Amino acid sequence: MADSMDIDSTATRGVKRKVDEAQGPAEPPRRIKALDQDVVNKIAAGEIIVAPVHALKELIENAVDAGSTSLEILVKDGGLKLLQITDNGHGINREDLPILCERFTTSKLKAFEDLTSIGTYGFRGEALASISHIAHLTVTTKTKESSCAWRAHYASGKLSPAKPGQSADPKPCAGRQGTQITVEDLFYNVPTRRRAFRSASEEYAKILDLVGRYAVHSAGVAFSCKKQGESSVSVSVPSNSSTVDRIRIIHGGAVANELIRFEAANERWGFNSEGWISNANYNVKRTVLLLFINHRSVESSSIKKAVEQTYATFLPKGGHPFVYLSLEIDPARVDVNVHPTKREVNFLNEDEIIEVICDEIRASLGKVDTSRTFMTQSLLPGMKVPEAIMTPIKDATTVGTAGEPEIPNSTRRTTTHKPYENNLVRTDARVRKITSMLPPGQRPSSPTKAQGDFPSDDTEYVYTDKQPTVCRLTTVKALRAEVRENMHNELTDTFAIHTFVGVVDERRRIAAIQGGVKLFLVDYGMVCNEYFYQVGLTDFGNFGSIRFNPVLNLRDLLSVAVAYEKRIAGEIENFDWDTVVTVVEEQLISRREMLSEYFSLEISESGDLLSIPLLIKGYTPSLAKLPQFLLRLGPHVDWNDEKGCFHTFLRELASFYVPEALPPPPAPTGDGDANVVEEDEEIAMRRKQLNRTIEHTIFPAFKARL
């Protein structure tokens, strides 16, 4: 054995030697070297100037910072060939021109601490420097005190001659007060970036969108934008136009006629906001959000999503609003230096500020939403109104190609074909349901109100004068944000517009719902689990309570649950089941104040269960699940971490509230009523109550707030 091992190792060394000889000598490790300054500047320029529209954004902000009241923009080939902006601002001093395009040269910032009170658009001094490294840059400027204008050409951050052999110093020339910046051949020395732009018209559309945003926001500033060589102007906004007039010029009269003035402020969170929002009569396919934070055009997915959710209750399905929002926040609360193009900013108390804004939007829409505008079509003389329970999906009134309302299908003189049934939406809950087609033994016992045989609800509801509390716990807000981030828009819309069909399988908790022309099978047990978890987060600290009279002994309930677990698991070596009862009881009693304040789960000091949370009116969870729910609060709740505690407790509470799976009803043994097996009266009563609750309480709750 030893000889064979020596032979193998020798052979292995021989093979390794041959491989090493074939690969040659190993290369030494690469040394770290400083990049050439030109490479550094091009990398930085590529981060700040991603497209022509980003270069123009920097130039517009510099012009507005300079006190301009008029901006003229000229574009060629989507800004790649030519991008020129002319303003009438303060101008640039002749002495500052040599360092104008050097990195980190600025008149707006002196110390890092100044970032906490920055009130201008620009502050880093990188915009012109970045442009000069990837384009041919020319600056013509004149101050009020100067007798002439000065023109300078720049390349790679330095002054450069206009032609070979000439001096690079600025040249005097004729000109008006202000500054004209000309950017030519953008990305001429970055061919891969230049080839990435597919269409000049697409880049020009982005430029028009940007100009439109600043034209709406910049009161007292005139804007004009056009393509080089064309006489017509794409955007023209006079300086004396009001904000509504600016919106009318940029976005059209349809939205301008449906605007509401909006204002919101809060001293505690250090912000105030104003703007114009569309009312419920106006909607478009995509949300138009013009958002300015401290007068800087930015994007915020959180604000956009919250605004869309606020409008969802006012607009038809698929409709989205127009919102112009100017938000001013204490500069000390805003970090503007988080994105190379300053497209995004961070600010403190974001959730609280968004909540105040959305509440004000909701209140503003509620005040004016007293009338709605709809297109109507008068019936032709002699035509009868059709009576039909089933309605085609397509609206009865549409607009023709000439802009005139077309006559609905039901009122045309020509013969129309009967629509296919798969294109019909059930709009009357009284029509026959799919469950009525099942065999008698498989039909769920879901009586209608007309039958009058469903069990009565003996629960007595008592209202208190307790004021709702506002939850300011960051952990709860984080859990709410996680739900919002994971929201599936299509499923949410389906539940919001669904029509309940019936319970299909009680044992597996399957129900059928109709959304549009589609039929869905829903595991309502899983959906209930998620719904009650969301209710727990939304109503955190504001639950109702189900009070017990007489009170229940906590230890007795835990003992029932332990006996059930012991019967299933059997005897476990070196495990004392009685200890489980004691440990869980002590855990719950020691935390009874927190459980009562946050979850309305009241336990007395002596160990009596006084009440449990009430999550939804009209439905009481199965109290047969109560012992198991209380027992699981011991090992399955993370009592050592606040966020983990709230998350796991609400998950256990949601699981407790899920409707129980009842045994299937007894099937008939043969033909005829004589062979029908009678079901236990208590189970039959619970089955009727549960099916009615699922149809009339739980699924309507899904539609309202899932």
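Quantities reported herein were computed from a predicted structural model and do not represent experimental measurements. Index from 1, following the sequence.
The ring-ring contact (aromatic ring centres under 6.0 Å, His included) test applied to His320 returns no partner, not counting sequence neighbours. The ring-ring contact (aromatic ring centres under 6.0 Å, His included) test applied to Phe656 returns Phe629, not counting sequence neighbours. Under the side-chain contact (heavy atoms from CB on, under 4.5 Å) criterion, Ser655 pairs with Asn529, sequence neighbours left out. In this structure, the ring-ring contact (aromatic ring centres under 6.0 Å, His included) partners of Phe532, at least two apart in sequence or on a different chain, are Tyr657. Under the side-chain contact (heavy atoms from CB on, under 4.5 Å) criterion, Lys285 pairs with no residue at all, not counting sequence neighbours. Taking the side-chain contact (heavy atoms from CB on, under 4.5 Å) definition, one finds that Cys645 meets it with Met594, Val637, Trp639, sequence neighbours left out. Arg484 pairs by the salt bridge (charged side-chain N to carboxylate O under 4.0 Å, His left out) definition with nothing, not counting sequence neighbours. Residues that satisfy the salt bridge (charged side-chain N to carboxylate O under 4.0 Å, His left out) test with Glu660, not counting sequence neighbours, are Arg686. Remark: Asp556 pairs with no residue by the side chain to side chain donor-acceptor pair (under 3.5 Å) rule, at least two apart or across chains. Partners of Asp641 under the salt bridge (charged side-chain N to carboxylate O under 4.0 Å, His left out) rule, at least two apart in sequence or in another chain, do not exist in this structure. In this view, Arg592 and Glu605 satisfy the salt bridge (charged side-chain N to carboxylate O under 4.0 Å, His left out) rule, not counting sequence neighbours.
At least one side-chain heavy atom of Asp638 sits less than 4.5 Å from a side-chain heavy atom of Asn640. Proximity of Phe520 to His498: side-chain heavy atoms (C-beta onward) are nowhere separated by under 4.5 Å. When side chains are defined from C-beta on, Asn283 counts as touching Pro316, because their heavy atoms get closer than 4.5 Å. In this structure, the side chains of Thr469 and Asn542 come closer than 4.5 Å at one or more pairs of heavy atoms. Taking the side chain as every heavy atom from C-beta outward, Lys367 and Ile260 never approach each other to under 4.5 Å. Taking 4.5 Å as the limit, every side-chain heavy atom of Asp608 sits out of range of all side-chain heavy atoms of Leu552. At least one side-chain heavy atom of Ile361 sits under 4.5 Å from a side-chain heavy atom of Tyr311. Using a 4.5 Å cut-off on side-chain heavy atoms (C-beta onward), Val483 and Tyr533 make contact.
When every heavy atom of Leu601 is checked against every heavy atom of Ile612, the shortest pair comes out as CD1-CG2, 3.7 Å. Between Val284 and Pro321, the shortest heavy-atom contact is CG2-O, 4.2 Å.
When Val522, Ile513, Leu491 are each tested for a side-chain contact (heavy atoms from CB on, under 4.5 Å) with Val527, only one passes: Val522. The only member of Leu626, Leu557, Val580, Val581 that meets side-chain contact (heavy atoms from CB on, under 4.5 Å) when paired with Leu631 is Val580.
Atom CZ of Phe543 is separated from atom CG of Leu615 by 6.0 Å, given to the nearest 0.5 angstrom. The CG atom of Asn266 sits 10.0 Å away from atom CD1 of Ile357, with the distance rounded to the nearest 0.5 Å. Going from atom CG of Leu291 over to atom CD1 of Ile303 covers 4.5 Å, rounded to the nearest 0.5 Å. Between atom OG1 of residue Thr693 and atom OH of residue Tyr619 there is a gap of 8.0 Å, rounded to the nearest 0.5 Å. Note: Cys358 SG to Arg362 CZ = 6.5 Å, rounded to the nearest 0.5 Å. In this structure, CD on Glu652 lies 4.0 Å from CZ on Arg632, to the nearest 0.5 angstrom.
For Ser604 (side chain) and Leu610 (main-chain N/O), no donor-acceptor pair under 3.5 Å exists by modelled atom type. No side-chain donor-acceptor contact under 3.5 Å links Ser545 to the backbone of Ser611. No donor-acceptor pair under 3.5 Å is formed between the side chain of Lys643 and the backbone N or O of Leu479. A donor-acceptor pair is defined here as one N or O able to donate and one able to accept, closer than 3.5 Å; no such pair exists between the side chain of His647 and the backbone of Gly644. Side chain of Ser278 to backbone of Glu258: no donor-acceptor contact under 3.5 angstrom is found. The main-chain N or O of Val535 is never found under 3.5 Å from a side-chain atom of Arg705 such that the two would form a donor-acceptor pair.
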Discussion item. Under the criterion side chain to side chain contact (heavy atoms under 4.5 Å, CB included), I'd like the reasoning laid out for Cys528 against Arg509: C-alpha separation, chi angles, the key distance, then a yes or no.
Written reply: CA-CA 10 Å; Cys528 280; Arg509 291 181 288 205; over 6 Å; no
Worksheet item: Which is it for Leu630 and Val584 under the side chain to side chain contact (heavy atoms under 4.5 Å, CB included) test, yes or no, and what are the steps along the way?
Response: CA-CA 8 Å; Leu630 295 171; Val584 176; over 6 Å; no
Practice prompt. Before giving the answer on side chain to side chain contact (heavy atoms under 4.5 Å, CB included), spell out for Leu325 and Ser273 the whole-Å C-alpha distance, their side-chain angles and the decisive distance to 0.1 Å.
Written response: CA-CA 7 Å; Leu325 177 61; Ser273 62; 3.9 Å; yes
Fill in: Working for side chain to side chain contact (heavy atoms under 4.5 Å, CB included), residues Gln628 and Glu565
CA-CA 9 Å; Gln628 195 71 13; Glu565 291 289 340; 2.3 Å; yes
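Ionic pairing of Glu352 and Arg472 is not present here: no N-O contact between side-chain nitrogen and carboxylate oxygen is shorter than 4.0 angstrom. Ion pair Glu355/Lys477 not flagged as a salt bridge, since none of the NZ, NE, NH1 or NH2 atoms sits closer than 4.0 Å to an Asp/Glu carboxylate oxygen.
Enclosure of atom NZ in Lys566 is not indicated, since only 12 or fewer non-hydrogen atoms of other residues, nucleotides or ligands lie within 6.0 angstrom. Within a 6.0 Å radius of CZ in Arg508, no more than 12 heavy atoms belonging to other residues, nucleotides or ligands are found.
Two rings, from Phe322 and Tyr282, have their centers 6.0 Å or more apart. Close placement of the Tyr598 and Phe646 rings is indicated, their centers lying within 6.0 Å of each other.
Pairs passing the salt bridge (charged side-chain N to carboxylate O under 4.0 Å, His left out) check and including a residue from residues 511-535, sequence neighbours excluded, read Glu530-Arg651.
With 3.5 Å as the limit, one finds a donor-acceptor pair spanning the side chains of Arg555 and Thr582.
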